[in-house]
Amino acid sequence: MSMMTNTLGRYFAGRFVISAVGVFASIFLLLVLVDYIEMVRKTSGLASASAITVAQTSLYRVPQLLEKMMPFCVLIGAMTCYLALSRRLELVVARAAGVSAWQFIAPALASSIVLGTLATVAYNPMSANLRELSKRMEAELFGSAPGGGIQDASGFWLNQVSTDSQWIINAARSEQQGVRLTGLTVFRFDNDFQFKERIEAREASLEEGRWAFKSARRFSLDAPPVDQETFFIPTTLTPAQVRNSFSTPETVSFWQLPGYIRSSESSGFATAGYRLQYHKLLAQPFLLAAMVMLAASVSLRFFRFGGVQKMVLSGVGAGFLLYVLSKVTEDLSKAELMHPIASAWLPVCVGGLTGFLALLYQEDG
């Protein structure tokens with residue numbers, strides 16, 4: 001009977017999945033706690049911020065952060081699994097029964113590919129949707145009053161030109177890939193670039209041919225501030241153009257990425273970031289399998305031989321170097337110096353081949 005379907009194979013696969021999910025849940029709780037403390041610090045001066053709302057906002061923000069750490073969760077989970085099996089001499093018994101290292105690694109490889117597939121087709125869309133919800137809740141927390149929390153020079157910037165004015169728009173936060181902006185500061189200049197007024201608004205939405213601002217306060221040089229419920233700025237921007245300016249590839253779900261790539265190409269915008277994200281998600285199952293190979297190459301050593309600590313540290317170091325490689329190739333791809341396919345799949349090939357060669361040397365060398 002195949003190692004993938006017999007009792008021993010299912011046992012190894014179950015141990016690996018439990019370890020990986022355990023590491024994932026532990027890091028998730030840690031990130032939620034850290035993010036909640038940071039959000040409490042930021043909202044300490046807001047009377048309308050309840051503890052439940054702050055906790056919910058942190059809970060919705062963390063899944064997207066944790067998605068980037070998923071390969072390390074699998075690496076640490078696989079190392080924990082194999083070290084525990086080795087410490088309890090279960091691997092020794094398996095080897096004595098004629099089971100090779102390749103056979104008891106195979107269930108974990110198959111399980112990692114399944115986990116990676118679920119992460120791509122299900123977890124990624126969920127984390128993107130939760131991130132949008134967290135942005136909306138942040139807007140409600142920090143943008144409840146005109147001018148609240150929008151005085152810094154960060155965020156998103158737009159330049160809108162009309163027949164008699166030029167408008168410089170700064171938004172602290174964006175939702176729905178830039179169609180809705182919150183925490184706004186607007187500077188209006190005339191055609192001679194002379195400053196005319198400053199406007200603070202709670203939110204703005206992109207409508208057909210115009211930006212619609214709500215809950216605005218207008219400050220001019222020669223008049224007292226004036227509150228205005230709504231006002232409009234003409235624009236020629238389309239949702240596709242705004243999306244390319246305000247959205248990041250990480251905030252677009254896997255199922256929406258092909259449409260974003262097509263619309264960006266038809267509008268003449270750069271698509272390197274979206275293509276890279278799409279191929280990274282396609283490569284994610286195999287990247288997790290490469291992490292299992294790396295973990296197995298440093299954690300199958302018998303405890304009685306010693307040197308386990310050095311092997312574990314080398315595995316963590318290999319994972320860190322693989323992360324550095326992925327960041328370098330990602331930056332090269334976004335600068336259009338490397339093809340997105342090569343950038344997404346190079347860390348997979350390097351990590352998988354490194355683990356495979358190390359195992360081959362240990363087991364058959």
Side-chain angles (χ1 to χ4, degrees), residues 125 128-140 142-150 154-191 193 195-220 225-271 273-275 277-278:
N129 291 332
L130 290 178
R131 181 57 178 156
E132 285 295 324
L133 288 175
S134 71
K135 288 182 178 180
R136 190 174 307 168
M137 297 180 72
E138 285 182 54
E140 294 174 356
F142 298 105
S144 57
I150 60 176
S154 61
F156 307 92
W157 293 85
L158 277 176
N159 182 17
Q160 298 287 272
V161 179
S162 61
T163 56
D164 59 345
S165 300
Q166 181 177 6
W167 310 80
I168 307 297
I169 303 172
N170 173 234
R173 294 166 293 277
S174 99
E175 301 175 31
Q176 303 171 17
Q177 280 78 48
V179 176
R180 182 174 182 268
L181 308 176
T182 57
L184 294 126
T185 301
V186 183
F187 303 95
R188 184 169 75 89
F189 301 84
D190 61 16
N191 290 332
F193 302 104
F195 175 77
K196 302 300 293 183
E197 64 176 332
R198 176 170 62 90
I199 305 167
E200 295 182 356
R202 184 185 65 190
E203 64 179 82
S205 301
L206 180 62
E207 300 179 353
E208 187 67 29
R210 66 184 186 181
W211 285 100
F213 291 78
K214 298 179 181 179
S215 301
R217 175 170 291 179
R218 310 181 74 151
F219 302 86
S220 59
V226 176
D227 291 331
Q228 191 171 343
E229 185 60 30
T230 58
F231 84 97
F232 304 96
I233 294 178
T235 183
T236 58
L237 291 174
T238 64
Q241 292 171 321
V242 171
R243 183 172 59 204
N244 280 275
S245 299
F246 287 90
S247 66
T248 58
E250 291 77 13
T251 61
V252 183
S253 71
F254 171 75
W255 301 108
Q256 294 176 330
L257 277 170
Y260 273 57
I261 294 171
R262 287 193 296 268
S263 65
S264 298
E265 287 179 337
S266 63
S267 301
F269 292 105
T271 60
Y274 293 105
R275 289 183 178 276
Q277 177 68 6
Y278 184 65

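Remember, it's a predicted structure, so these values are computed and weren't measured experimentally.
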| said: So Val186 and Arg198, do their side chains get closer than 4.5 Å, heavy atoms only? | reply: no
| Does the cation-pi check pass for Arg218 over Phe231, that is, NZ or CZ under 6.0 Å from the six-membered ring centre and within 45° of its axis? | yes
| task | Answer yes or no: is there a side-chain heavy-atom contact under 4.5 Å between Arg217 and Gln228? | result | no
| message | Within this structure, what is the CD1-CD1 distance for the pair Ile169 and Ile233, rounded to the nearest 0.5 Å? | response | 4.5 Å
| Check ion pair Glu197-Arg188 (N to O, under 4.0 angstrom) | yes
| message | Is the shortest side-chain heavy-atom distance between Asp190 and Phe195 below 4.5 Å? | response | no
| request: Working to the nearest 0.5 Å, report the span between OH of Tyr274 and CD of Gln256. | output: 10.5 Å
| query | Looking at the rings of Phe232 and Phe213, which for Trp means the six-membered one, are their centres under 6.0 Å apart? | reply | no
| said: Quick one, Lys196 and Ser220 - any side-chain contact, counting heavy atoms below 4.5 Å? | reply: no
| message | Give me the atom names and distance for the closest heavy-atom approach of Ala128 to Val252. | response | CB-C, 4.4 Å
| Are Glu229 and Lys214 close enough for a salt bridge, meaning some N to O gap below 4.0 Å? | no
| task | Kindly indicate whether the side chain of Leu184, heavy atoms from C-beta on, has any atom under 4.5 Å from the side chain of Asn170. | result | no
| query | Is the shortest heavy-atom distance from the side chain of Pro258 to the side chain of Tyr278 under 4.5 Å? | reply | yes
| message | Any donor-acceptor pair under 3.5 Å linking the side-chain atoms of Thr235 with those of Arg210? | response | no
| Given Glu132, Arg131, Met137, the one that forms side-chain contact (heavy atoms from CB on, under 4.5 Å) with Ser134 | Arg131
| query | At their closest point, which heavy atom of Ser253 faces which heavy atom of Pro125, and how far apart are they? | reply | CB-CA, 3.6 Å
| request: State, yes or no, whether a side-chain contact exists between Ile199 and Phe187 at a heavy-atom distance under 4.5 Å. | output: no
